[in-house]
Colleague: 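I have a structure here, written as structure tokens, and I will follow up with some questions on it.
Both ligands and their constituent atoms are indexed starting at 1 by order of listing. All residue numbers in this chain count up from 1 along the given sequence.
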Amino acid sequence: MSFVSEFNKLPAAALAKKSADTGTAAVRETLAKSALTLDDFVRLISPAAGEFLEHMGRRSHALTQQRFGKVVRLFAPLYLSNECINNCKYCGFSRDNAILRVTLSVDEVRREAAALRDQGFRNILLVAGEHPKFVSNNYLRDCIAALHQEWPSVSLEVGPMETEDYRPLVQAGSDGLVVYQETYDRKVYADLHTAGPKRNFDWRLETPERAYAAGFRRLGISPLYGLADWRFEALSAAAHADYLLRNCWKAALTISTVRIRPCAGEFQPLTQITDRELAQLICALRILFPDVGIVLSTRESAKLRNGLIPLGVTMMSAGSHTEPGGYTGAGREKLHQTVRGRVVELTSGSSEWAPEPNRATNATGQFNIADERSPREVADQLRKLGYEPVWKDWDAALTA
Ligand code: SF4
């Protein structure tokens with residue numbers, strides 16, 4: 001039994017319609033309750049609940065303070081490689097995009113990580129496209145092992161694996177795994193994933209459970225908002241989170257709230273979620289799940305992030321680069337294109353992604369970030385808002 005069987009029984013489309021049809025009386029009734037169900041969540045993300053945003057914001061803020069205190073955990077993504085065998089229409093790293101690619105050596109990963117440590121970070125998220133030739137399991141294990149001693153928390157966002165393949169990564173020192181389902185709409189998923197192993201929807205959906213079985217103690221999930229109706233995605237993700245809380249209860253769960261950003265390939269969002277609806281979603285998630293971490297990335301602007309923090313956000317990235325080598329320029333001399341798994345040397349004018357002299361590296365990023373503040377500026381802003389930025393909240397020495 002996995003979440004796939006529960007998900008197959010979830011009347012998600014009917015619930016999304018129910019949300020659209022919710023009236024203000026039903027929202028009031030839900031807001032009067034102390035413990036909420038998925039049906040209540042459906043009401044809280046309804047258009048009618050938009051009128052109660054202030055009320056929801058106050059409740060969400062109070063719950064977050066009660067459960068987490070006035071702290072926000074900061075982390076940084078470190079991109080290891082932008083090689084990928086999948087075609088995901090919304091992603092700059094898609095196999096068929098003629099981008100500039102590179103996979104960092106373990107030493108280069110160390111250098112990138114050292115630059116992030118110098119900025120204050122102690123939580124790191126290692127990100128890579130899915131390409132067994134360039135991003136092998138052994139390579140990932142070596143990267144983790146190289147960082148483990150100096151980094152209290154090393155999480156991964158890489159191609160899904162079997163439980164047995166995850167175990168050596170946990171043993172090497174990784175404690176967290178993030179996997180976005182991208183969209184919970186099977187039809188949209190099939191349309192957007194045109195090549196590669198990622199086409200297998202169920203395999204991806206079961207990934208957090210395999211990761212948990214292998215020993216990961218932090219799990220992160222999310223849809224990518226902008227692919228299917230946001231209310232459908234949100235209630236599906238809420239059902240997923242609910243399942244994980246019941247079945248993977250030793251793990252700390254986070255839910256992200258990521259929206260599509262411009263990237264190579266120039267994919268345009270298929271659906272919209274407004275800033276106000278994003279705020280409503282964060283409040284609804286917090287009210288349904290008082291103890292779940294809510295992640296807000298640099299995909300959102302500085303102004304919007306400042307406004308969303310008090311609503312229930314517990315974790316933020318800052319100063320992010322989405323290209324391998326983005327923090328130090330590492331790997332610049334190895335840039336190439338990849339055609340059918342083969343490395344193709346760059347020749348003059350071979351790519352529209354021409355080198356940019358003012359960037360630390362010329363590898364192509366996964367997407368453009370919106371909040372370009374430095375980690376220090378984000379930390380200062382958090383303090384101004386009355387929050388303590390937390391760079392480290394766990395140490396492996398605490399593991400029994
Ligand atoms: S979303 Fe992930 S799997 Fe898809 S192309 Fe991008 S890096 Fe590859």
Colleague: Under 3.5 Å, side-chain donor or acceptor atoms of residues 191-199 against the rest of the protein: list the pairs with distances, not counting sequence neighbours.
Modeller:
| from | atom 1 | to | atom 2 | distance (Å) |
| --- | --- | --- | --- | --- |
| Asp191 | OD2 | Lys187 | NZ | 3.1 |
| His193 | ND1 | Tyr189 | O | 2.8 |
| His193 | NE2 | Tyr90 | OH | 2.6 |
| Lys198 | NZ | Tyr90 | OH | 3.1 |
| Lys198 | NZ | Glu182 | OE2 | 2.7 |
| Arg199 | NH1 | His193 | O | 2.4 |

Colleague: Is Arg117 positioned over the aromatic face of Trp391, cation under 6.0 angstrom from the ring centre and no more than 45 degrees off axis?
Modeller: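 No, a cation-pi geometry is absent between Arg117 and Trp391.
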Colleague: With a distance cut-off below 6.0 Å to the six-membered ring centre and an angular limit of 45° from the axis, does Arg299 pair with Phe367 as a cation-pi contact?
Modeller: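 Relative to the ring axis of Phe367, which defines the angle, Arg299 lies inside both limits.
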Colleague: Using distance only, find each side-chain donor-acceptor pair of residues 242-256 under 3.5 Å and give its atom names and separation, not counting sequence neighbours.
Modeller:
| from | atom 1 | to | atom 2 | distance (Å) |
| --- | --- | --- | --- | --- |
| Asp242 | OD2 | Arg246 | NE | 3.3 |
| Asp242 | OD2 | Arg246 | NH2 | 3.2 |
| Tyr243 | OH | Glu209 | OE1 | 3.1 |
| Arg246 | NH1 | Glu6 | OE2 | 3.3 |
| Arg246 | NH2 | Glu6 | OE1 | 3.1 |
| Arg246 | NH2 | Glu6 | OE2 | 3.4 |
| Asn247 | ND2 | Tyr243 | O | 2.9 |
| Thr254 | OG1 | Leu219 | O | 3.4 |
| Ser256 | OG | Tyr180 | OH | 3.4 |

Colleague: Sum up the protein N, O or S atoms located under 2.8 Å from atom 4 (Fe) of ligand 1.
Modeller: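 There are 1 of them.
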Colleague: Would Arg217 count as a cation-pi partner of Tyr212, with NZ or CZ less than 6.0 Å from the six-membered ring centre and within 45° of the ring normal?
Modeller: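 Pair Arg217/Tyr212 counts as cation-pi.
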Colleague: Among residues two or more places apart or on two chains, list those pairs meeting ring-ring contact (aromatic ring centres under 6.0 Å, His included) that have a residue in residues 65-84.
Modeller: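 Residue pairs with at least one partner in residues 65-84: Tyr79-Phe93.
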